[in-house]
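Note: hydrogens, waters and symmetry copies are ignored here, and every other heavy atom, side chains too, is used. Please read all numbers here as calculations on a predicted model, not as lab measurements. Throughout, numbering of the chain's residues begins at 1 and tracks the sequence.
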Amino acid sequence: MAHNTVPSAPDLLYADLLQRFQCAVLEYVDDTHFRIIGQPPAWLFHLYPDARRSRQLSVDARTPVLQNFLADAADAWRADDDRIARSGFWTEEATSEEPQHFEAMALRQGPSRLLLIQRSTATYDQHAILLQRAREQVLLQHEHDRGHQRTQRDLSTKLVDMERSRDDVAVILQQLGLATLLIDQEGRVRFLSASAARLLETAPSSVHPGLLWETLLPLTKTDRQALQSTLKQPASQRERVRCHLQTSTGRHLWLEIELQDDPRDARTKIIFLHDMTDVHHLRRLLELKAHFHDLVGKSRGMTQIYEQIQDLSRVDSSVLIEGETGTGKELVARAIHQASARRTGPFIAANCAGLTDSLLGSQLFGHKKGAFTGAIDDQQGLFEAAQGGVLFLDEIGDIPHHVQTSLLRVLQEREVTRLGETKPRKVNVRVLTATHHNLSQDVAKGTFRADLLYRIRVARIHLPPLRERKEDIPLLVTSFLTEGRASMGKVIHRASPAAMAALMEYHWPGNVRELKSMIECGMIHCKGDTLEGTDLPPELRQGPDVSQSESVLPVDERSRFVAALGQAHGNRTKAARLLGMSRATFYRRLNELDLPTS
């Protein structure tokens, strides 16, 4: 069910950042094909006019520099660390416009491989002017040195030339706008550029003799130790150090620190500070699109669930959450509560299937002392306990018929009567319910009241099973590994390709709950930092369910498409062949059925 929603604050900030930095974000699909994320700048469609309609493009000979850069991008995407590859500037000539200058960055965000293209004409022109000035200064200095070589210079003249050379280098560094500092072999700061002073929000005059770089850069202990270790390494083995610091004004910076030897004296080090704060925020915004409260997933089905939750959080109606066991129905209920105006009130969850017929009425509505054997005190029920908040009734289809009648009255009258009492008590509670039953069929069989169904199903959310959103499995695995590292104390960062393939092929009858249990089981047996296929339970190592893969496709069209995708392990071409149709028709029907196309 489609909804017209107002864009969320993260989405607006994400779009504004992209526009402000004239940046297009592309997600790698395969080979040279990319999918456009968000609303790109207009210049992208000048480079690739055919992308305006399809929202996809293929990097080809129209942008040869970008085409060649894909090889470096692939290396960055395959790397285990958070490497960022840069293309450097290139120029695209246009017949009707001035030449435009671009720069590309390749980075990986979870399972997504991203290509960021930024139009940087102003920055390019500024660098070109500054580099030309630097070149002219070097030429003038060279001519000056040649003239002085023909004359005899005394010691004082040499000292003057050395001072001038040092000043010229400082001027060049200042004019280029590079955030740099020089430190000697004792770690004392000998030079701080104006750009570095602005970045660190400190005055250049505060750099006094004896100031250590550890004082100037207020890094965390872990980042400081990483930088100290890099300083001791040979130049050929040094890599950029990613770190985070907070300035004196409270501003948070995410930096990449690059270390180079001073060509005049290798004992002196030049530190380049690369500000990656904007990139960090962009990556955080991309992560937000895959998470909503405690729910994880960025498939089409899950993003629609997020939109429905946002819509339902603005009203106070009853909601029925439908879905198979283990799909996360209680997480959806909690997300609705946390996003609503009742977030400061209690959230009370009760599993109706776990209570006996004799206790369910007392648990829900409360009882008076002496109302039945064992009632030794007055006791409020769950409705009263949830006053001002939310009562979540899981497995609503399992409550007995006589309790359904009492529950209907509570929903209609907004009041409860404790067992053994006659005076009703007003309650202000929002009721959210969930079930894995088909309640319409239960109504037809007479096991569930029709009027109660209509009362609890004012709005509904249907959670897709995990087998219909397998593209979310890598995200879920990463989330569960993070939880496991905190609870078990094991340093397991990733799943191996073989383990991930087994997870993707499995049919998941227990859905997300079963996936979490299997990841926890695998972490218990894992001996290294990577979860291997041999660590997983035996049902995963035995491969996909043969009986299921050879079954006849269902009659319902949506189910037929889902089953075909499952049999083809997500391969759209094979799934189209199984259904006996062309790829174009297959993709068109996927869109019409609201199924993911990639």
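Under 4.0 Å is where a charged nitrogen must lie from a carboxylate oxygen, and between Glu483 and Lys516 at least one such pair does. Under the 4.0 Å criterion applied to side-chain N and carboxylate O atoms, Arg342 and Asp316 are assigned as salt-bridge partners. Taking the charged nitrogens against the carboxylate oxygens, Arg53 and Asp50 have no contact shorter than 4.0 Å, which rules out a salt bridge.
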- Decide yes or no on side-chain contact (heavy atoms from CB on, under 4.5 Å) for Leu439 and Ile396, but give the supporting numbers first. CA-CA 9 Å; Leu439 293 184; Ile396 187 70; 4.2 Å; yes
- Can you check side-chain contact (heavy atoms from CB on, under 4.5 Å) on Met500 and Val477, steps first, answer last? CA-CA 9 Å; Met500 189 61 71; Val477 170; 4.2 Å; yes
- Begin with the C-alpha distance, continue with both residues' side-chain angles, and end with the deciding distance and a verdict on side-chain contact (heavy atoms from CB on, under 4.5 Å) for Glu505 and Leu540. CA-CA 8 Å; Glu505 290 177 0; Leu540 278 174; over 6 Å; no
- Leu515 and Trp508: CA distance, side-chain angles, deciding distance, side-chain contact (heavy atoms from CB on, under 4.5 Å) verdict: CA-CA 7 Å; Leu515 172 62; Trp508 298 112; 3.5 Å; yes
- Message: One pair to check against side chain to side chain donor-acceptor pair (under 3.5 Å): His436 and Glu395. What are the steps and the verdict?
- Response: CA-CA 7 Å; His436 70 279; Glu395 300 304 343; 2.8 Å; yes
- Might you work through the salt bridge (Lys or Arg N to Asp or Glu O under 4.0 Å) test for Glu324 and Arg467, ending with a clear yes or no? CA-CA 11 Å; Glu324 297 179 6; Arg467 61 181 173 275; 2.5 Å; yes
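Between His252 and His244, the angle of the ring planes stays under 30°, which puts this pair in the parallel group of the 30/60° scheme. Below 30°, between 30° and 60°, or above 60°: for Trp77 and Phe34 the angle between ring planes is between 30° and 60°, a tilted geometry.
Under the 3.5 Å distance criterion, with hydrogens and angles disregarded, a donor-acceptor pair is assigned to the side chains of His274 and Glu258. Thr482 and Arg485 form a side-chain donor-acceptor contact under 3.5 Å, judged by distance and modelled atom types alone. Remark: the Asp472 side chain and the Ser299 side chain contain an N/O donor-acceptor pair separated by less than 3.5 Å. Counting only N and O atoms by type, the side chains of Tyr506 and Glu539 include no donor and acceptor under 3.5 Å apart. Between Ser496 and Thr530, the side chains place no donor N or O within less than 3.5 Å of an acceptor N or O (distance only, hydrogens not considered).
Of the possible polar contacts, one joining the Arg343 side chain to the Ser340 backbone as a donor-acceptor pair under 3.5 Å is found. Checked by atom type and distance alone, the side chain of Lys329 never pairs as donor or acceptor with a backbone atom of Asp394 at under 3.5 Å. A donor-acceptor distance shorter than 3.5 angstrom exists from the side chain of Lys470 to the backbone of Met504, with no hydrogens or angles considered. A donor-acceptor pair is defined here as one N or O able to donate and one able to accept, closer than 3.5 Å; no such pair exists between the side chain of Arg83 and the backbone of Arg108. Of the possible donor and acceptor atoms, one in the side chain of Asn511 sits under 3.5 Å from a partner among the backbone N and O of Leu466. The backbone N or O of Ile37 sits nowhere less than 3.5 Å from a side-chain atom of Glu27 that would complete a donor-acceptor pair. Of the possible donor and acceptor atoms, none in the side chain of Asp294 sits under 3.5 Å from a partner among the backbone N and O of Leu331. Side-chain atoms of Ser313 come within 3.5 Å of backbone N or O of Gln310 as a donor-acceptor pair. Of the possible donor and acceptor atoms, none in the side chain of Arg119 sits under 3.5 Å from a partner among the backbone N and O of Trp43. For the pair Asp31 (side chain) and His33 (backbone), a donor-acceptor distance under 3.5 Å is absent.
Remark: of the listed residues Leu107, Ile84, Leu26, Leu107 is the sole one forming a side chain to side chain contact (heavy atoms under 4.5 Å, CB included) with Leu114.
The number of heavy-atom neighbours closer than 6.0 Å to CD of Glu239, taken from other residues, nucleotides and ligands shown, is 12 or below. A 6.0 Å sphere centred on CG of Asp75 holds more than 12 heavy atoms belonging to other residues, nucleotides or ligands.
Summarising the geometry, atom CD1 belonging to Ile461 is positioned 11.5 Å from atom CD belonging to Glu307; distances are rounded to the nearest 0.5 Å. Between atom CD1 of residue Ile473 and atom OG1 of residue Thr478 there is a gap of 12.0 Å, rounded to the nearest 0.5 Å.
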Only pairs under 3.5 Å count here: list side-chain donor-acceptor contacts from residues 517-529, not counting sequence neighbours, and write none if there are none.
residue: Ser517; atom: OG; partner: Arg513; partner atom: O; Å: 3.1

What side-chain donor-acceptor pairs closer than 3.5 Å can you find for residues 59-66, not counting sequence neighbours?
residue: Asp60; atom: OD1; partner: Arg62; partner atom: N; Å: 3.0
residue: Asp60; atom: OD1; partner: Arg62; partner atom: NE; Å: 3.0
residue: Asp60; atom: OD2; partner: Arg62; partner atom: NE; Å: 3.3
residue: Asp60; atom: OD2; partner: Arg62; partner atom: NH2; Å: 3.0
residue: Thr63; atom: OG1; partner: Tyr48; partner atom: OH; Å: 2.5

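Taking every heavy atom of both residues into account, Ala106 and Leu115 meet most closely at CB-CD1, 4.3 Å. Contact record, Ala495 with Leu481: N-CD1, 4.1 Å, taken as the closest heavy-atom pair. The nearest pair of heavy atoms linking Pro464 to Thr327 is O-CG2, 3.9 Å. Between Thr32 and Ser58 the shortest heavy-atom distance is OG1-OG, 2.9 Å. Between Gly397 and Thr435, the shortest heavy-atom contact is N-OG1, 4.1 Å.
The side-chain heavy atoms of Glu330 and Phe392, taken from C-beta on, include a pair separated by under 4.5 Å. When side chains are defined from C-beta on, Pro40 counts as touching Arg55, because their heavy atoms get closer than 4.5 Å. Contact annotation: the side chain of Leu391 never approaches that of Leu432 to less than 4.5 Å [non-hydrogen atoms, C-beta and beyond]. You'll find the side chain of Glu256 stays beyond 4.5 Å of the side chain of Cys243, heavy atoms only. The shortest distance between side-chain heavy atoms of Asn351 and Leu393 does not fall below 4.5 Å. Pro111 is listed as a side-chain neighbour of Leu475, based on a closest heavy-atom distance under 4.5 Å. In this structure the side chain of Thr220 reaches within 4.5 angstrom of the side chain of Asp223, judged on heavy atoms. In this structure, the side chains of Asp275 and Leu255 come closer than 4.5 Å at one or more pairs of heavy atoms.
A ring-centre distance under 6.0 Å is not found for Phe69 and Trp90.
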